[in-house]
Amino acid sequence: MKSSAVVNFAPEKGSVEIREILEPEIGENDVLLEVANVGVCGSDLHQWTADHSWPVNYPVVLGHEFGGHIVKLGSEVKNWKEGDRVVSETAAVIDANNPLSRQGLYNLDPTRKGFGYGVNGAMTRFVRVPARCLHQVPDGLPFEQACLTEPCSVAYNATVINSSIKPGDRVIVIGPGTIGILCAAMAKLCGAEVAIVGLETDQERLNIGNSYGCTPIVGDATAWSQEYDGLGVDCVIDAAGVSATLQMALKYVRPNGQITKVGWGPKPLNFSLDPLVQKNVRLQGSFSHNWPIWEKVLHLLAAGTLDVKPIIGGVWKLEDWHTAFEQMHSGKVVKSILKPN
């Protein structure tokens, strides 16, 4: 049985198209998942525009933000059944014996391969998923929202786990994309006063950040960063897809503060990091997520404590993937979602 899939087939710019692929065969510890919804991530766009900085196993089906129903179980799979509503983590291939994996930090296993670049992802009807990646979707949480557990988990890891944010802190988030807006929302949940910074062309996205109770700023955020005592903000979360914004973060952060970098940017910095030393600032990277983070995020989504509906710009059929990609790439929407069936 064949299904349509959005395939990134080569490293050149624009090398993405609809192709027919066979239904995947599952192993004894896998399930076959029928995809209900799959989110379009900035990394999917980066592979489409060929400005990514990670190795890709071409040709590969895109998509790693997804949920759906289990339709087939491997012979060794326990505690799941056909028909279960689930979402999947992204770490499709890990070395269970790696020291980091044994600590539960399999997201940092250097041999890790994720859906949508290392193995076939979910922009298709059926995807093979290791059972260890699955999480139950609470009743009442629609798949259009549940499929965004993954970017919410990226934001939770960056903001709650890898940043030290306390009630009353002031936080600037650079970059009003999906991850930036979700990081801002998470920082608000931590009790911080939050500003989100973008460009003139980001006005609609900044307005969505405003709906989460964050102060939208176009361009220079220096004045906001120095409002209280003139020293800067407690934490800057750099969620922009370029390297140059780290220089802005160093300007906005207060001495002994923190910068958490979650946005990818392959270009070199070309500026001095001396302010990092002079200000005694902690620079923290944040990558991916693990099992307990997913469980926390699903509880937040199901309870309505974290509402992702404001960032959803539309749901498109799989064959309309180009429109969905273009709407995000142009900044017209924050998050595009595909519906394969």
Determine whether a donor-acceptor pair (N or O, by modelled atom type, separation under 3.5 Å) exists between the side chain of [X] and the backbone of [Y].
X      : Y      : answer
Asp307 : Gly304 : no
Thr178 : Val334 : yes
Ser163 : Val160 : no
Thr149 : Ala146 : yes
Ser101 : Tyr106 : no
Ser243 : Leu269 : no
Ser15  : Pro11  : no

N-O pairing of [X] and [Y] below 4.0 Å:
X      : Y      : result
Glu65  : Lys335 : yes
Arg254 : Asp229 : yes
Glu23  : Lys2   : no
Lys332 : Glu326 : no
Asp238 : Lys261 : yes
Lys317 : Asp320 : no
Lys251 : Asp220 : yes

>> Quick one, Phe66 with Phe143, criterion ring-ring contact (aromatic ring centres under 6.0 Å, His included). Give me CA distance, side-chain angles, the key distance, then yes/no.
In response: CA-CA 8 Å; Phe66 63 96; Phe143 278 119; over 10 Å; no

>> In this structure, is the centre-to-centre distance between the rings of His289 and Trp294 below 6.0 Å?
In response: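 Between Trp294 and His289, the centre distance is under 6.0 Å.
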
> Mind checking whether Trp54 and His52 have parallel, tilted or perpendicular rings, split at 30° and 60°?
Replying inline: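 Ring orientation, 0 to 90° scale: tilted.
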
> Residues in side-chain hydrogen bond (donor to acceptor under 3.5 Å, both in side chains) with Arg132, at least two apart?
Replying inline: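 Once residues adjacent in sequence are excluded, Arg132 has no partner under the side-chain hydrogen bond (donor to acceptor under 3.5 Å, both in side chains) criterion.
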
> Do the side-chain N and O atoms of Glu295 and His135 include a donor-acceptor pair separated by under 3.5 angstrom?
Replying inline: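 The criterion, which ignores hydrogens and geometry beyond distance, is satisfied for His135 and Glu295.
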
> Ser286 and Asn162: side chain to side chain donor-acceptor pair (under 3.5 Å), yes or no, with the steps?
Replying inline: CA-CA 7 Å; Ser286 186; Asn162 284 322; 2.9 Å; yes

> Got a second to check how far Asn290's CG is from Ile94's CD1, nearest 0.5 Å?
Replying inline: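 Asn290 atom CG to Ile94 atom CD1 measures 10.5 Å (nearest 0.5 Å).
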
> What is the distance from atom CZ of Arg282 to atom SG of Cys235, rounded to the nearest 0.5 Å?
Replying inline: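 Arg282 atom CZ to Cys235 atom SG measures 8.5 Å (nearest 0.5 Å).
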
>> Just checking Glu25: does its CD atom have more than 12 heavy atoms from other residues, nucleotides or ligands closer to it than 6.0 angstrom?
In response: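 Atom CD in Glu25 is not crowded, with 12 or fewer foreign heavy atoms closer than 6.0 Å.
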
